[in-house]
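Just so it is clear, the model here is predicted, and its values are computed rather than measured. To find a chain, count down the sequence lines: A is the first, B the second, and so on, and within it residues start at 1.
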Amino acid sequence: MNGHPAGSPCSRRQFLRGGARLLAVTGVGGLAGVLATRASAQTTRWQIDPAKCVRCGNCATKCVLKQSAVKCVHAFAMCGYCQLCTGYFEPEPNALTTAAENQLCPTNAIKRTYIEDPYYEYTIDEELCIGCAKCVEGCSRFGNGSLFLQIRHDRCVNCNECAIARNCPADAISRTPVGHPYRLKTEGH
Amino acid sequence: MVRRALFLLGSGLALTAGAASRFPPPDFEGGHQLPVTTTPAPRELTLEYLDAAVLLATLALATWLVYRPRSRRGLAVLSVFSLAYFGFYRKGCVCAIGAVQNIALGLFDRSYAIPLTVLVFFLAPIVVALFFGRTFCAAVCPQGAIQDLVLVKPLKVPLWLEHGLGVIPFLFLGAGVIFAATGSAFLICRFDPFVPFFRLSGSLSLLTLGAAFLVAGMFIGRPYCRFFCPYGALLRLAALAAKWRVRVTPDVCTQCRLCEHACPFGAMRNPTPTGLALETPAVERKRLSWLLLLLPVLIAGGALAGYRLAPAAAQLHPTVALAEFHLANLKSPATFPPMTPEALSLERAAADPETLLASARVIRQRATLACWLLGGWVGLVILLKLVALSVRVTRTDFEPDRGACVACARCFISCPNERVRLGLPPEPGLAVAGPVPAAAGTGGA
């Protein structure tokens, strides 16, 4: 740079640049090599562990999506098909009807269908469900616990850092292999 | 389904119910079939490989467009595609900017396996930048594309401000890497201003931030890319060592100065003035040695500041935050309504405080070390910037700064030689091509 014959600084710059590039390519290559040994084709997805979930209601509000990707799902095999469903009705409801004032669900997302005396089936309308866990709380506290929250992967955008996981008081959300992206409750649970 | 078969098999038997099964599942006389719990599948793995393939293809296409047809229009079309695909269709995830953090986490946390697509998104633009400059920024990055497309009337940012703010991306990069490596937070993702737009949903504060960036971007070219983007900082370094570079002229620079104001991103650099008396090497050497003497001071100062900030920074880790909350609550118990997140977290903390506090201590130590390093990094970056500014660079032509140029191809058309190459008439309103700087700056768009 300073006091060199004309033409020389240029070639020195080129030399330095070439050297830096070589170094960088080697470095990037090395990094790629190291990372490739740890990388995996098996990517991960976020999921709630229903055994850890404390039904706090954060799932409804903390998701980056405006309608949360967390929905209530129903393990029908665990359900008692109760007429007085504690996941569906407010405590001490006026009447066992589908009237709004009797329901726990703030969005009327649970459909109650008569099957046969005295059994009723409860299904979740995911378009309406906001993942607030009010029904999950009712069902877990007083019922069979067949309602539980899961991240629905047709909605989840798989953020690098799950905003709900960051705020979960129970640390119930973690990455699961993409091959088993749900943690469903089963009968023996 | 297995579960269903299991149910049919077991429905006749007395259910070996756990404590949860207070109401035994019924035997339906009408033979009611239980519905199956649906499990919508996540996105196919092949589609993720498609993302990587699209990245490589757009990267190659952008590089070709910059170097061969030198086509701004082509790049604009490609920008729209990238914005639509990586932005609105893929919702800004996976992106190269955020991939830095996955790499950092993957390097330090052995239990975290980096997805292969993320690895490709991190490496491919850097490798391309090492040979061709920042063609990734030109038309592949959706964050860059959205800012590029809203640009209306670029104002010139003074060079001193440009250099000063240009330090921020390196600091942001350092912070992003440190916090990801300690498992505390993915800061770069959390404060990405454009992803909420891509998702068409997000918190009000982030949407406002994004809107502010877009409005500012109408008058200041690519404000996020130039003054915040941490991945841009990496690409800037890579582009400094690039083998080939973007040149305004396809031929020889005639020093006509028509391109002087053609760059909306403040990357154009003028030739070194010849008339002025240059500083003697002795003066420059002295300044450089002063700066080098300053090196330990700056690094130590930064490290000390980092050490001071460490307790606050460690709080970003959820475990540390919970431990702090638990301890604070022990000191002055507050009552939270039952079933609130606060009450439930305290319950979890109280269940096993020893393990929680022990792991919080480990994380805190790690965070302290990380903050030392981050502080040192801040000092180093500032010093290197000062050194870079004090080193004399001799330019004979008008040319884009290697690191700052995002290869958007806007300046090409301002060059009379380029117009000759394309067979275009001289710039409208410019009867004779000559040193008329005032008329310049209308090219591009």
Side-chain angles (χ1 to χ4, degrees), chain A residues 1-3 9 17 20-21 24-25 28 32 34-36 38-45 54-58 64-66 73-82 115-116 119 123 137 143-145 152-154 156-161 166-167 169-171 178 181-182 184 186-189, chain B residues 3 6-7 10 15-16 18 20-26 28-30 32 34-35 37 39-42 45 48 91 93 98 101-103 106-107 110 113-117 119 123 126-127 130 185-186 189-190 199 201-202 238 240-243 281 284 318 339-341 344-345 348 391-392 394:
Chain A
M1 272 170 278
N2 305 328
R17 183 160 287 132
R21 187 168 56 248
V25 169
V28 167
V34 171
L35 290 172
R38 301 208 193 146
S40 89
Q42 266 279 26
T43 53
T44 55
R45 293 290 182 278
V54 289
R55 291 96 61 182
C56 67
N58 267 350
V64 294
L65 298 178
K66 260 302 145 262
V73 297
H74 200 174
F76 292 97
M78 288 173 70
C79 180
Y81 283 75
C82 310
I115 303 294
E116 61 182 52
Y119 301 130
T123 45
E137 172 65 9
N144 285 0
R152 305 304 267 172
H153 293 299
D154 49 342
C156 175
V157 289
N158 197 25
C159 294
N160 247 344
E161 180 190 42
R166 203 166 67 223
N167 289 291
D171 198 17
V178 74
Y182 289 93
L184 296 178
T186 47
E187 290 168 61
H189 201 79
Chain B
R3 265 172 13 76
L6 265 178
F7 169 75
L15 205 88
T16 50
S21 213
R22 296 167 178 128
F23 307 98
F28 295 113
E29 283 163 11
H32 172 66
L34 289 191
T37 311
T39 51
L45 201 58
E48 304 217 337
K91 308 223 189 301
C93 236
Q101 303 162 109
N102 299 65
I103 302 299
L107 277 178
R110 287 184 168 271
I114 306 164
L116 274 179
T117 22
L119 196 57
L123 290 176
I126 291 184
V127 172
L130 277 172
F186 277 42
C189 293
R190 203 186 289 181
R199 292 176 178 161
S201 94
L240 285 178
K243 190 168 175 69
E284 289 182 333
M339 288 309 293
T340 51
L344 289 166
S345 2
R348 174 159 70 100
V391 168
R392 189 203 299 172
T394 39

Exercise. Looking at B:Pro35 and A:Tyr81, what are the two nearest heavy atoms and their distance?
Worked result: CD-OH, 3.8 Å
Problem set entry | Top contributor to chain A interface from B:Ser201, B:Ser345, B:Gly202, B:Ala185 [non-hydrogen pairs under 4.5 Å] | B:Ser201
Exercise. Is chain B contacted by the side chain of A:Asp171, its backbone, both, or neither, given a heavy-atom distance below 4.5 Å?
Worked result: both
Exercise. Rounded to the nearest 0.5 Å, what separation is found between the CE atom of A:Met78 and the CG atom of B:Leu34?
Worked result: 13.0 Å
Seminar exercise, completed: The reported gap from OG1 in B:Thr39 to CG in A:Asp154 (rounded to nearest 0.5 angstrom) is 10.0 Å
For this session: First locate atom CZ of A:Arg17, then atom CG of B:Leu130, and finally report the distance between them rounded to the nearest 0.5 Å.
Result: 12.0 Å
Seminar exercise, completed: Applying a strict 4.5 Å limit to non-hydrogen atoms, the region of B:Ile126 in contact with chain A is side chain
Exercise. So A:Cys56 and B:Leu344, side-chain contact (heavy atoms from CB on, under 4.5 Å) or not? Walk me through it.
Worked result: CA-CA 7 Å; A:Cys56 67; B:Leu344 289 166; 3.3 Å; yes
Problem set entry | Pairs of heavy atoms under 4.5 Å with chain B: top-ranked of A:Lys66, A:Arg166, A:Arg45, A:His153 | A:Arg166
Exercise. Checking A:Cys79 against chain B: side chain, backbone, both or neither under 4.5 Å from a heavy atom?
Worked result: backbone
Exercise. Is chain A contacted by the side chain of B:Leu107, its backbone, both, or neither, given a heavy-atom distance below 4.5 Å?
Worked result: both
Problem set entry | Choice from A:Val28, A:Asn58, A:Val73, A:Ile115 maximising heavy atom contacts with chain B below 4.5 Å | A:Ile115
For this session: Check each atom of A:Cys159 against the heavy atoms of chain B and say whether the ones under 4.5 Å are side chain, backbone, both or neither.
Result: both
For this session: Just give me the residue among B:Ile103, B:Thr117, B:Thr340 that pairs up with chain A most often, heavy atom to heavy atom, under 4.5 Å.
Result: B:Ile103
Exercise. With sequence neighbours excluded, what pairs up with B:Arg348 under the salt bridge (charged side-chain N to carboxylate O under 4.0 Å, His left out) test?
Worked result: none
Problem set entry | Residue, of A:Asn167, A:Val25, A:Leu35, that accumulates the most heavy atom pairs under 4.5 Å with chain B | A:Leu35
Exercise. Where do B:Met339 and A:Val54 come nearest, in terms of heavy atoms and distance?
Worked result: CE-O, 3.3 Å
Problem set entry | Shortest non-hydrogen separation from B:Pro25 to A:Ala77 and the atoms involved | CG-O, 3.5 Å
Problem set entry | Option that, when pairs with chain A are counted at under 4.5 Å, heavy atom only, ranks first among B:Ala242, B:Cys189, B:Gly98, B:Ala238 | B:Ala242
Exercise. Among B:Arg190, B:Arg199, B:Lys91, who wins on heavy-atom pairs under 4.5 Å with chain A?
Worked result: B:Arg190
Exercise. Are the side chains of A:Tyr119 and B:His32 in touch, meaning some heavy atoms are under 4.5 Å apart?
Worked result: no
Exercise. Can you name the side-chain contact (heavy atoms from CB on, under 4.5 Å) partners of B:Pro318, sequence neighbours left out?
Worked result: none
Exercise. For B:Glu29, is it the side chain, the backbone, both, or neither that has a heavy atom closer than 4.5 Å to a heavy atom of chain A?
Worked result: both
